[in-house]
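Computed from a predicted structure; not experimentally measured. Proteins come first, then strands; the chains are lettered A, B, ... in the order of their sequence lines, and each starts at number 1.
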2 protein chains.
Amino acid sequence: MGGDAVLPPTAWAVLGLLSFPGERTGYELKKWADASLRFFYWSPAISQIYAELRRLEALGYATSRRSGPEAPRTKRAYAITDEGRAALAAWADGGRDVGPPVLKHPLLLRIWLGHLTAPDRLRDLVAEHIAQTRGELREARDALARVDRSDGPQSWSHPQVALRWSERRLEAEVGLAEAMLDDLAELEARGARGGVDGP
Amino acid sequence: MGGDAVLPPTAWAVLGLLSFPGERTGYELKKWADASLRFFYWSPAISQIYAELRRLEALGYATSRRSGPEAPRTKRAYAITDEGRAALAAWADGGRDVGPPVLKHPLLLRIWLGHLTAPDRLRDLVAEHIAQTRGELREARDALARVDRSDGPQSWSHPQVALRWSERRLEAEVGLAEAMLDDLAELEARGARGGVDGP
DNA sequence: AATCCCATGTAAAACGTTACATGATTCT
DNA sequence: AGAATCATGTAACGTTTTACATGGGATT
């Protein structure tokens, strides 16, 4: 089958999930993506994971087997094939340019349109974001702790690096939001005194 | 027309672009999005901007007029209507939750799969990303400088806050990548000495 | 005259989500 | 026995991108 296929990043991400030792079901993949992939590269919908797994299998990059009887809707575990591993390695190694990171930050969209919103509403939104981010930070640290413990073979050292990056990133995100809170406060102070310029 | 419509964030972003003083063509909107929106909320394809503008006009949230004769494919400038402004304000003010930021970072996907890639290839990728990010940082600062200069009315103070956030964010992104470079180097050092544990 | 940038638009395809339907397994 | 969670899959829909077609105006 396909010696080299053009696939969306999501397909490679799912194949990447499969590239770590062991067999996994789509359901398990989804949980894993929620717990780690999503910190630096979003977690696809479960239905999409199933779709990608079917595509990967059609390409010969993965195989599946049912644990029990050949009945529909019973557990199906996937494993990467040698071909899949080769294709993934070629993708990982190929292309000088990996493509720019994409950030969609709804909060910033709101801030940007801040002239339409009450100042304290805006502050609340930012505060809520900080709380949310702290929650994510805890989860990222949990994930990191799990990887640290499960060590042994070196296959997990790169996910570890990715999670460390995610941890720092979330810390930075909190700092960024706090700085923005200050900016907003300053804006209000200036606004309250009336003019565009200082007193 | 539509007293309250459910629209994707992109539609609100385009309407937001229109909510600042002046008329603009789709083409100008695209350039503006590239120069500022994209730092915190990605820049839609030009064809999508045209599509959103048509939808916004159909909803009565925007109006358009042709500068010259009523010929096809001539310049068409859009402006927001009062209804549009009201709808945008309602959207900006509504909904406690703004939705989580989404980050898709292809570089991190590669790092995460680092066991498939040569270590120095990985380093190159990160170095390239740092260079790229520094370029973005320059652009963000240019955008900020333009906004700073064009001041006067206060409508630009919130975009200014958003751009300041973006500037800091990009600075943080560089720091994050540098820290990851260190992690990678440490990994290699440990790997070169063989074991999973220290000396 | 050729080229580049401005400018608008269509069509097809891919991507991705939501909602729904279905049933097995495990825990209380 | 009932509930929660595990588990797979389909269908419909909306979003977004890519490629393409078209042509005016300005610059070299």
Set of side chain to side chain donor-acceptor pair (under 3.5 Å) partners for A/Arg55, sequence neighbours left out
A/Glu52
Report yes if at least one side-chain N or O of [X] is closer than 4.0 Å to OP1 or OP2 of [N]; otherwise report no.
X: A/Gln48; N: C/dC15; value: no
X: B/Lys104; N: C/dC15; value: no
X: B/Arg76; N: C/dC6; value: no

Pick out the pairs of N or O atoms, protein on one side and nucleotides 21-26 of chain C on the other, that lie under 3.5 Å.
residue: C/dA21; atom: N3; partner: A/Arg73; partner atom: NH1; Å: 3.2

Rounded to whole Å, please give me the gap between [atom1] in [X] and [atom2] in [N].
X: B/Arg66; N: C/dA7; atom1: CZ; atom2: P; result: 13 Å
X: B/Tyr50; N: C/dC6; atom1: OH; atom2: P; result: 11 Å
X: B/Ile46; N: C/dT10; atom1: CD1; atom2: P; result: 13 Å
X: B/Arg65; N: C/dA7; atom1: CZ; atom2: P; result: 13 Å
X: B/Leu53; N: C/dT10; atom1: CG; atom2: P; result: 13 Å
X: B/Ile49; N: C/dA7; atom1: CD1; atom2: P; result: 13 Å
X: B/Arg54; N: C/dA11; atom1: CZ; atom2: P; result: 10 Å
X: B/Trp42; N: C/dG16; atom1: CH2; atom2: P; result: 13 Å

Heavy atoms from C-beta onward define the side chain here; which of C/dT17, C/dG16, C/dT8 lies closest to that of B/Tyr27?
C/dT8
Name the nucleic acid region contacted by A/Ser47, choosing base, sugar-phosphate or nothing; use a 4.0 angstrom heavy-atom cut-off, strictly under.
base
Which of A/Lys31, A/Lys30, A/Arg38 passes side-chain hydrogen bond (donor to acceptor under 3.5 Å, both in side chains) with A/Asp34? It is A/Lys30
Outermost nucleotides of DNA chain D that come under 4.0 Å of a non-hydrogen atom of chain B
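Terminal contacting nucleotides, 5' to 3': D/dT15 to D/dT22.
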If the test is ring pair (Phe, Tyr, Trp, His ring centres under 6.0 Å), which one of A/Phe20, A/Phe39, A/Trp165, A/Trp156 qualifies with B/Trp112?
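Running ring pair (Phe, Tyr, Trp, His ring centres under 6.0 Å) over A/Phe20, A/Phe39, A/Trp165, A/Trp156 with B/Trp112 returns exactly one hit, A/Phe20.
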Treat each ILVMFWY residue as a node, draw an edge where side-chain heavy atoms are under 4.5 Å apart, and state whether A/Leu107 and A/Leu187 are in one component.
yes
Among A/Arg141, A/Arg138, A/Arg164, A/Arg134, the one residue meeting salt bridge (charged side-chain N to carboxylate O under 4.0 Å, His left out) with A/Glu171
A/Arg141
Please determine whether side-chain hydrogen bond (donor to acceptor under 3.5 Å, both in side chains) holds for the pair A/Glu57 and A/Ser64, giving the CA-CA distance in whole Å, both sets of side-chain angles, and the decisive distance to 0.1 Å.
CA-CA 8 Å; A/Glu57 189 168 30; A/Ser64 72; 2.9 Å; yes
Could you walk me through whether A/Leu7 and A/Leu56 satisfy the side chain to side chain contact (heavy atoms under 4.5 Å, CB included) test, starting with their C-alpha distance in whole Å, then the side-chain angles of each, then the deciding distance to 0.1 Å, before giving a yes or no?
CA-CA 10 Å; A/Leu7 292 174; A/Leu56 258 14; 4.2 Å; yes
Residue pair A/Met180 / A/Leu108, side-chain heavy-atom distance below 4.5 Å
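When only atoms from C-beta onward are counted, A/Leu108 and A/Met180 do touch, with a gap below 4.5 Å.
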Separation between OH of A/Tyr61 and OG1 of A/Thr81, rounded to the nearest 0.5 Å
8.5 Å
